[in-house]
Amino acid sequence: MTTSALVTPISLSNDLLTGAEWSPSHTRDLILLSAEIKARPGRYASSLTGKFIALIFEKPSLRTRVTFDVGIQSMGGSVVFLDHTQASASLGARESIADVARNLDRWVHGIVARVYQQKVLEEMAANAAIPVINALSDKFHPCQALADFFTLEERFGALRGFKLTYVGDGNNVCHSLMYLAARLGVHLRVATPHDYQPAPEVVADSKRVAKETRAKIELMTDPREAVAGAQGVYTDAWTSMGFEAEGEVRSAVFRPYQVNAELMSLAAPDAVFMHCLPAHRGLEVTPEVLDGPQSVVLDQSENRMYVQKAILHTLF
Ligand code: CP
Ligand code: NVA
């Protein structure tokens, strides 16, 4: 697969912390490798033989935990699970994050971590030579966005010019969709309430890369305008993990951003509905949309496994 000559090559970092580490061509290759691994998993059954990978979770998870665990084992690797979801065992309390990372670096071949703060991942990566993979932070969820674009490519073919609209909170999932959309040439509209727009540095980087790839990144506040003609409509929880104290305020502010049948009717007739899950029926999405024929949410979940196997195969 070729990339525009204007694209600045970025060297392949051995960490995946944000999704912005990878150049457009590397991102494209990762999607292609995901498809190859999904089609021929047996060829990759020994890719991680003899490798031990630490899975660190500060927050709950179903999809990420299971897909990494099963994915690593299906490639011949082994998992060491470190549960930091209880406040009584919070990461960094017993010893510093840097010391945790320096120790793990001596025993295992990689770290997959779900953390409250992006800076914790950066500190781990700075103190360990082994790959560190972001399994969700307050700022980014790159494994999710890669699975989402792989899901779209499987269904619609090449992603260049694909019209995707994200409606809701300018959160971690939204940030990663922006980074990846920019790198894959997607036309992404993001509709959020004014005070919940994506972070300025993510907008700036995405727009910079979009100029090179001919992607389009547009920020809006009107969900109806943003969804008009979209081929994919994506939403996520209004209150992400770690923001529970704001739940009541957020439910009121985000109410006009609910994805329901009426909003979906403004999208293209064959548009798909997307959500990273877990979903909250009756809040960000109605049951008729989430459980309806346009929904591809379980394909997204399934594909987490294949993009993560592709990430591991690439980084190890
Ligand atoms: N989408 C996702 O990351 O799900 P989990 O929180 O269950 O891992
Ligand atoms: N934005 C959500 C995604 C969950 C997978 C959260 O961070 O809670």
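Residues: numbered from 1 along the sequence shown. Just so you know, ligand 1 is whichever comes first in the structure, and atom 1 is the first atom listed for that ligand. Small disclaimer: the values here were computed from a predicted structure and weren't measured.
- Seen from the ring of Tyr179, Arg183 counts as a face-on cation partner, given the 6.0 Å and 45° thresholds.
- Not a single N or O atom of Thr239, backbone or side chain, sits closer than 3.5 Å to an N or O atom of ligand 2.
- Within the listing of ligand 2, atoms 1 (N) sit less than 4.0 angstrom from a heavy atom of Asn171.
- At a heavy-atom distance under 4.0 Å, no atom of Asp169 approaches ligand 2.
- Checked by atom type, the side-chain pair Ser47/His313 shows a donor-acceptor distance below 3.5 Å.
- Seen from the ring of Tyr166, Arg189 does not count as a face-on cation partner, given the 6.0 Å and 45° thresholds.
- Of the charged side-chain nitrogens involved, at least one lies within less than 4.0 Å of a carboxylate oxygen, so that Glu201 and Lys139 count as a salt-bridged pair.
- In terms of protein heavy-atom proximity, atom 3 (C) of ligand 2 is nearest to Asp236 OD2, 3.7 Å.
- Atoms of ligand 1 found under 4.0 Å from any heavy atom of His141, numbered from 1 in the order shown, are 2 (C), 3 (O).
- The parts of Ser240 lying near ligand 2 are both backbone and side chain, judged by heavy-atom distances below 4.0 Å.
- The cationic group of Arg250 lies under 6.0 Å from the six-membered ring centre of Phe243 and within 45° of the ring axis, placing it in a cation-pi geometry.
- For ligand 2, none of its N or O atoms has an N or O atom of Leu277 under 3.5 Å away.
- Closest protein heavy atom to atom 4 (O) of ligand 1: Arg63 NE, 2.8 Å.
- For Asp299 and Thr151, the side-chain atoms include no donor-acceptor pair closer than 3.5 Å.
- Considering backbone and side-chain N/O of Gln144, one or more are found under 3.5 Å from N/O of ligand 1.
- Looking only at protein heavy atoms, the nearest one to atom 6 (O) of ligand 1 is Arg114 NH1, 2.8 Å.
- Separating the OG atom in Ser96 from the CD atom in Glu123 is a distance of 6.5 Å, to the nearest 0.5 Å.
- The residues Arg40 and Glu36 are annotated as salt-bridged, a charged nitrogen and a carboxylate oxygen being separated by less than 4.0 angstrom.
- Closest protein heavy atom to atom 8 (O) of ligand 2: Met241 N, 2.8 Å.
- For atom 4 (C) of ligand 2, the nearest protein heavy atom (residue, atom name, distance) is Leu136 CD1, 3.8 Å.
- Taking atom 7 (O) of ligand 2 as the reference point, the nearest protein heavy-atom neighbour is Asn172 ND2, 2.8 Å.
- Salt bridge status for Arg224 with Glu262: present, with a side-chain N to carboxylate O gap under 4.0 Å.
- With hydrogens and angles left out, the side-chain atoms of Asn303 and Glu154 include a donor and acceptor closer than 3.5 Å.
- Between the side chains of Gln300 and Asp148, at least one donor N or O sits under 3.5 Å from an acceptor N or O.
- Close N/O approach between His141 and ligand 2 is not found [any backbone or side-chain N/O within under 3.5 Å].
- Distances below 4.0 Å separate heavy atoms of Leu62 from the following atoms of ligand 1: 5 (P), 7 (O), 8 (O).
- For ligand 1, the polar-atom distance check finds no N/O of Leu136 at less than 3.5 Å from any of the ligand's N/O atoms.
- Contacts with ligand 2 closer than 4.0 Å are made by no heavy atom of Thr64, backbone or side chain.
- A cation-pi contact, defined as under 6.0 Å to the ring centre and within 45° of the axis, links Lys59 to Tyr116.
- Contact atoms of ligand 1 toward Arg304: 1 (N), 2 (C), 3 (O) (distance under 4.0 Å to a heavy atom of the residue).
- Within the 4.0 Å heavy-atom criterion, the part of Leu277 lying near ligand 1 is the backbone and not the side chain.
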